[in-house]
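To start, the structure under review is shown below, and the notes come after it.
Sequential numbering from 1 along the given sequence is applied to the chain's residues. Reckoned from all heavy atoms, side chains included, excluding hydrogens, waters and symmetry mates.
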Amino acid sequence: MNLAVFASGSGSNFQAIAQAIAADKLKARLCVVISNAATAGIHERAKQYSVPSFTLNPRDFTEEAVYVQKLMNILQQYHVDFIALAGYLRKIPTPVLSAFPNRILNIHPSLLPAFGGKGMYGHRVHEAVLAHGVRWTGATVHLVDSEYDTGPIVLQEPVPVRQHDTPETLAARVLFKEHRLFPEALQLFVEQRVHITEQRTTIIDGPLPRGYHRPKT
Ligand code: GRF
């Protein structure tokens, strides 16, 4: 798997992916990082792992087609065949979605479909979780389609909400889970163990990730 990571923030999920690769738990190669923000922490982390990183902000382009072409050129130049969105706050353009069918994963810090959708990112997610008084939240890795947070779910893991949680304490507990879940989901694709039918995925063959039960047939 030749992986590109798209990120707008600190890049701790990028680092978790890089560490999983170094530990041989994820059989992938980190080819390139793309961010919409020049100041994002991800660039520094990419440098630490000697992964080239680029800033490409669709808002800097008057013509969407020019932006898309630049993006596609980078992906081709680095022979990317799979994309991981790790805190990436821009929509993926349709031509990129078409070029990577079922080859783009996103991580979201809640149990989707709850607390997802447009505008639901970062601390806003955890603030909404606390405001609703739900007892469980979690992390979700899902395939990316043309909407926000709606693609087929691949892996999910619950995280308890504690009585005195703040958005910060909750975010940290969820992020800890994310760091294991994202590399694990990517490795399932490396092993070609994700069977996709319309909105649902099934994990086939081999050992199942924690908390999964194979349905009886
Ligand atoms: C994570 O919580 C992820 O779920 C969300 O954005 C955050 C990115 O964190 N989509 P980091 O930049 O990987 O530290």
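- The side-chain contact (heavy atoms from CB on, under 4.5 Å) with L105 is formed by just one residue from the set V141, L3, V194; it is V141.
- Each of F189, F100, F6 was scored for a ring-ring contact (aromatic ring centres under 6.0 Å, His included) with F82, with one residue passing: F189.
- Two residues are said to be in side-chain contact when any heavy atoms from C-beta on lie closer than 4.5 Å; L75 and D81 fail this criterion.
- The ring pair (Phe, Tyr, Trp, His ring centres under 6.0 Å) check on F176 picks up nothing, with sequence neighbours excluded.
- In the hydrophobic clustering, where aliphatic and aromatic side chains (Ile, Leu, Val, Met, Phe, Trp, Tyr) are joined below 4.5 Å either directly or transitively, L111 stands alone.
- Remark: the H142 side chain and the N106 side chain contain an N/O donor-acceptor pair separated by less than 3.5 Å.
- Applying the salt bridge (charged side-chain N to carboxylate O under 4.0 Å, His left out) rule to pairs touching residues 174-191 yields E157-K177, E157-R180, R180-E184, E191-R193, sequence neighbours excluded.
- When side chains are defined from C-beta on, F115 counts as touching H132, because their heavy atoms get closer than 4.5 Å.
- Side-chain contacts under 4.5 Å among hydrophobic residues (ILVMFWY), followed directly or transitively, place Y148 with no other residue at all.
- Rounding to the nearest 0.5 angstrom, the gap separating the CG atom in L112 from the CD atom in Q156 is 6.5 Å.
- Judged purely by atom type and a 3.5 angstrom limit, H43 uses its side chain to pair as donor or acceptor with the backbone of A37.
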*Check the pair L155, I203 against side-chain contact (heavy atoms from CB on, under 4.5 Å), reporting the backbone distance first and the verdict last.*
CA-CA 9 Å; L155 287 183; I203 295 160; 3.8 Å; yes
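- Scanning both residues, S10 and R45, for their nearest heavy atoms gives O-NE, 2.7 Å.
- Two residues are said to be in side-chain contact when any heavy atoms from C-beta on lie closer than 4.5 Å; T169 and R162 fail this criterion.
- Contact check for L143 versus I104: no side-chain heavy atoms found under the 4.5 Å cut-off.
- Every pair tested for salt bridge (charged side-chain N to carboxylate O under 4.0 Å, His left out) that includes a residue from residues 117-138 fails, sequence neighbours excluded, so the list is empty.
- Applying the salt bridge (Lys or Arg N to Asp or Glu O under 4.0 Å) criterion to D165, with sequence neighbours excluded, gives R173.
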*Evaluate the criterion side-chain contact (heavy atoms from CB on, under 4.5 Å) for residue pair V68 and L71; output intermediate values, then yes/no.*
CA-CA 5 Å; V68 171; L71 186 53; 5.6 Å; no
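- Within a 6.0 Å radius of NE2 in H123, more than 12 heavy atoms belonging to other residues, nucleotides or ligands are found.
- Closest approach of N36 to S8, counting heavy atoms only: OD1-OG, 2.6 Å.
- Side-chain N/O atoms of S12 and H179 include a donor and acceptor closer than 3.5 Å.
- In terms of the ring pair (Phe, Tyr, Trp, His ring centres under 6.0 Å) criterion, residue partners of Y78 (sequence neighbours excluded) are, by chain and number, F54.
- Scored by the ring pair (Phe, Tyr, Trp, His ring centres under 6.0 Å) test, Y67 finds F61 as partners (sequence neighbours excluded).
- We find the CD-CE distance between Q76 and M72 to be 5.5 Å, quoted to the nearest 0.5 Å.
- Of the possible polar contacts, none joining the Q187 side chain to the F182 backbone as a donor-acceptor pair under 3.5 Å is found.
- One finds the OG1 atom of T166 at 7.5 Å from the CG atom of L130 (value rounded to the nearest 0.5 Å).
- Proximity of I21 to R29: side-chain heavy atoms (C-beta onward) are nowhere separated by under 4.5 Å.
- A salt bridge (charged side-chain N to carboxylate O under 4.0 Å, His left out) check over residues 58-80, counting only residues at least two apart or in different chains, returns nothing.
- Within the structure, salt bridge (charged side-chain N to carboxylate O under 4.0 Å, His left out) contacts touching residues 5-25 (residues at least two apart or in different chains) are D24-K27.
- Proximity of Q77 to N73: side-chain heavy atoms (C-beta onward) are nowhere separated by under 4.5 Å.
- For the side-chain contact (heavy atoms from CB on, under 4.5 Å) test, residues two or more places apart in sequence or in another chain that qualify with A46 are F14, V33, V51, S53.
- Smallest separation of non-hydrogen atoms from H195 and I204: CB-CG2, 4.0 Å.
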*Would T137 and V174 satisfy side-chain contact (heavy atoms from CB on, under 4.5 Å), going step by step from the backbone distance to the final call?*
CA-CA 8 Å; T137 182; V174 172; 4.0 Å; yes
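- Minimum interatomic distance between V154 and A185 (heavy atoms only, all atoms of both residues): CG1-CB, 4.4 Å.
- Minimum interatomic distance between A16 and P183 (heavy atoms only, all atoms of both residues): O-CG, 3.9 Å.
- A side-chain donor-acceptor contact under 3.5 Å links H108 and S110.
- A 4.5 Å side-chain heavy-atom check between I74 and L56 finds at least one atom pair inside the cut-off.
- Two different hydrophobic clusters hold V80 and Y49 under the rule that ILVMFWY side chains link at heavy-atom gaps under 4.5 Å.
- Rounding to the nearest 0.5 angstrom, the gap separating the CD1 atom in I196 from the OG1 atom in T201 is 7.0 Å.
- You'll find the side chain of T150 stays beyond 4.5 Å of the side chain of V144, heavy atoms only.
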*Given the rule in the side-chain contact (heavy atoms from CB on, under 4.5 Å) test, do I17 and L186 qualify, once you have shown the distances and angles that lead to the verdict?*
CA-CA 9 Å; I17 290 168; L186 289 163; 3.8 Å; yes
Kindly list each side-chain donor-acceptor pair under 3.5 angstrom involving residues 83-95, sequence neighbours excluded, with atom names and distances?
unit_1	atom_1	unit_2	atom_2	d
K91	NZ	S146	O	3.3

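- Across every non-hydrogen atom of G11 and I42, the tightest pair is CA-CD1, 3.7 Å.
- By the rule that hydrophobic residues join a cluster once side-chain heavy atoms approach within less than 4.5 Å of another member, V134 and L175 end up as members of separate clusters.
- Residue-environment remark: CD (E168) exceeds the threshold of 12 foreign heavy atoms within 6.0 Å.
- Here the OG1 atom belonging to T197 is positioned 10.0 Å from the CD atom belonging to Q199, to the nearest 0.5 angstrom.
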